Novice: 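Pasting a structure here, questions to come.
Treat the numbers as computed from the prediction; the structure is a model and nothing was measured. FYI, side chains are in, hydrogens and waters are out, and symmetry mates aren't considered; it's all heavy atoms of this structure.
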Amino acid sequence: LFRSWAQQQAQWIPGQDDLNAGILPDPGLTYANLTINYSAGSLRNAKGSPVPVVGTFGFWAIENVVDYVPKVKILGGEFAAQIMMPTANAAVTLPKFGVNAGGTGYSDIWVQPATLGWNLKYVDTWLAYAFMAPTGRFGPGATNNVGSGYWGNDIVSGTTVYLTKNKKTTANLATDWEIHCKKQGTNETPGQAFTMEWGLGQMFPLDKKMTRLLQLGVIGYDQWQVSDDGGTLSSGVPARLIPFYSVHAMGVQSDFLAPTKNLVFFFKFEPEYLAYSHTQGRTIVFGGSWTWGFPRVKTTKL
């Protein structure tokens, strides 16, 4: 029974924001592709001790992300919107060890309809509302789920602080607060979750004209359940008795930037060093982004 209790996880997959967390894309349309691989051979109980499991748990998720940033000012900040359409080969919110997920499918869609960002002298920051729609395949107890089976409402933020005058050294923080609805086909409402992703980065020019840049940094993530689960499990046990989960990781990131071509490529490796009522493994993320900038026009203020 405990093993099923220990495996509930948040909708937000850690590893998506680290360096440059507070920087919005330039005005225009930006397409980003992120490939995320998570692998765990360990399950930890509420005290952080290993629990015997058979096999391993892992998944691949490929995220196609589109950002739209018009040349519009609202409350003195930039407006932006985002949609993320992923595919996955497992349900990331309720992992099962040693079980073949049964193939790849469309997972839950992330929609971020309203983002406001501000560019200050030594700080870039933004705040947004987003929601996760349960569009992925889901059935209670099924082994081939690729979705969570419930709606999530998210308050999201990102901040980059420039620690030097040339802005090459940065401290970064992204946060996500998840508020969940009832899981389809059940009487269970997963508890709220809070995720924090952070990074310290240093930029290195690869040529004198600054057309090629290398960024290296130390990154990490921390994710906690912050409220009780609601309702009851299929066994009749009150969901509020499930122990709260948390997981913590620290790793490295490298970015290659070509500013004149509006291109960015990145790689991240984040091993988890501590977990409670949660899987413990490692996260690898790689991908890139490209921005099609709008023609230069006068900014409209609202």
Side-chain angles (χ1 to χ4, degrees), residues 8-36 38 61-70 72 74-75 77-88 91-93 106-119 124-136 138 146-160 172-184 189-199 221-227 247 266 268 283 285 287 289 291:
Q8 178 68 47
Q9 298 184 179
Q11 289 179 314
W12 179 269
I13 303 174
Q16 301 187 72
D17 282 310
D18 293 293
L19 300 183
N20 309 317
I23 303 175
L24 290 178
D26 290 335
L29 289 172
T30 297
Y31 169 75
N33 181 275
L34 290 79
T35 297
I36 302 174
Y38 179 79
I62 300 175
E63 299 181 350
N64 295 288
V65 185
V66 177
D67 289 281
Y68 169 62
V69 183
V72 173
I74 299 176
L75 300 178
E78 292 181 294
F79 175 81
Q82 181 187 88
I83 185 169
M84 183 267 287
M85 298 159 286
T87 59
V92 304
T93 58
Y106 290 105
S107 189
D108 297 342
I109 290 178
W110 170 273
V111 180
Q112 192 169 306
T115 305
L116 285 181
W118 295 269
N119 304 114
D124 286 335
T125 187
W126 56 265
L127 180 67
Y129 163 75
F131 63 86
M132 186 81 80
T135 52
F138 176 81
V146 291
S148 65
Y150 55 91
W151 288 82
N153 292 282
D154 298 70
I155 304 299
V156 198
S157 73
T159 302
T160 294
N172 305 270
L173 179 67
T175 65
D176 173 48
W177 191 294
E178 302 179 28
I179 303 169
H180 305 135
C181 298
K182 183 185 291 187
K183 190 181 298 184
Q184 297 171 5
T189 300
Q192 299 177 23
F194 179 74
T195 305
M196 180 175 71
E197 301 196 29
W198 54 268
Y221 58 76
D222 304 275
Q223 188 174 73
W224 300 267
Q225 180 181 345
V226 294
S227 72
V247 64
F266 52 83
K268 309 175 189 180
T283 298
V285 184
S289 67
T291 298

Novice: Could you verify whether a donor N or O on one side chain and an acceptor N or O on the other, from S148 and D108, lie under 3.5 Å apart?
Specialist: yes

Novice: If you compare all heavy atoms of E63 against all heavy atoms of I13, which two are closest, and at what distance to 0.1 Å?
Specialist: OE2-CD1, 4.2 Å

Novice: Taking all atoms of both residues into account, what is the closest heavy-atom pair of T115 and A128, and its distance?
Specialist: OG1-CB, 3.3 Å

Novice: With sequence neighbours excluded, what pairs up with D17 under the side-chain contact (heavy atoms from CB on, under 4.5 Å) test?
Specialist: W12, A174, E197

Novice: Please name all residues satisfying salt bridge (Lys or Arg N to Asp or Glu O under 4.0 Å) with D18, sequence neighbours left out, ordered by chain then number.
Specialist: K268

Novice: Could you report the tightest heavy-atom contact between A81 and P113, atom names first, then the distance?
Specialist: CB-O, 3.8 Å

Novice: How many angstroms lie between CD in Q11 and OG in S107, if you round to the nearest 0.5 Å?
Specialist: 9.0 Å

Novice: Stepwise, does the side chain to side chain contact (heavy atoms under 4.5 Å, CB included) test hold for F138 with K183?
Specialist: CA-CA 10 Å; F138 176 81; K183 190 181 298 184; 3.5 Å; yes

Novice: How close do F266 and N33 get, counting heavy atoms only, and between which atoms?
Specialist: CZ-O, 4.0 Å

Novice: Taking all atoms of both residues into account, what is the closest heavy-atom pair of D154 and F131, and its distance?
Specialist: OD1-CA, 4.2 Å

Novice: Is the OH atom of Y106 crowded by more than 12 outside heavy atoms at less than 6.0 Å?
Specialist: no

Novice: For the residue pair K182 and T189, what are the closest heavy atoms and their distance?
Specialist: CA-OG1, 3.4 Å

Novice: Please round to the nearest 0.5 Å and tell me the distance separating atom CG of N64 and atom OG1 of T87.
Specialist: 7.0 Å

Novice: What's the verdict on side chain to side chain donor-acceptor pair (under 3.5 Å) for Y150 and T93, showing C-alpha distance, side-chain angles and the deciding distance?
Specialist: CA-CA 10 Å; Y150 55 91; T93 58; 4.6 Å; no

Novice: If you count heavy atoms of other groups shown closer than 6.0 angstrom to CH2 of W224, is the number above 12?
Specialist: yes

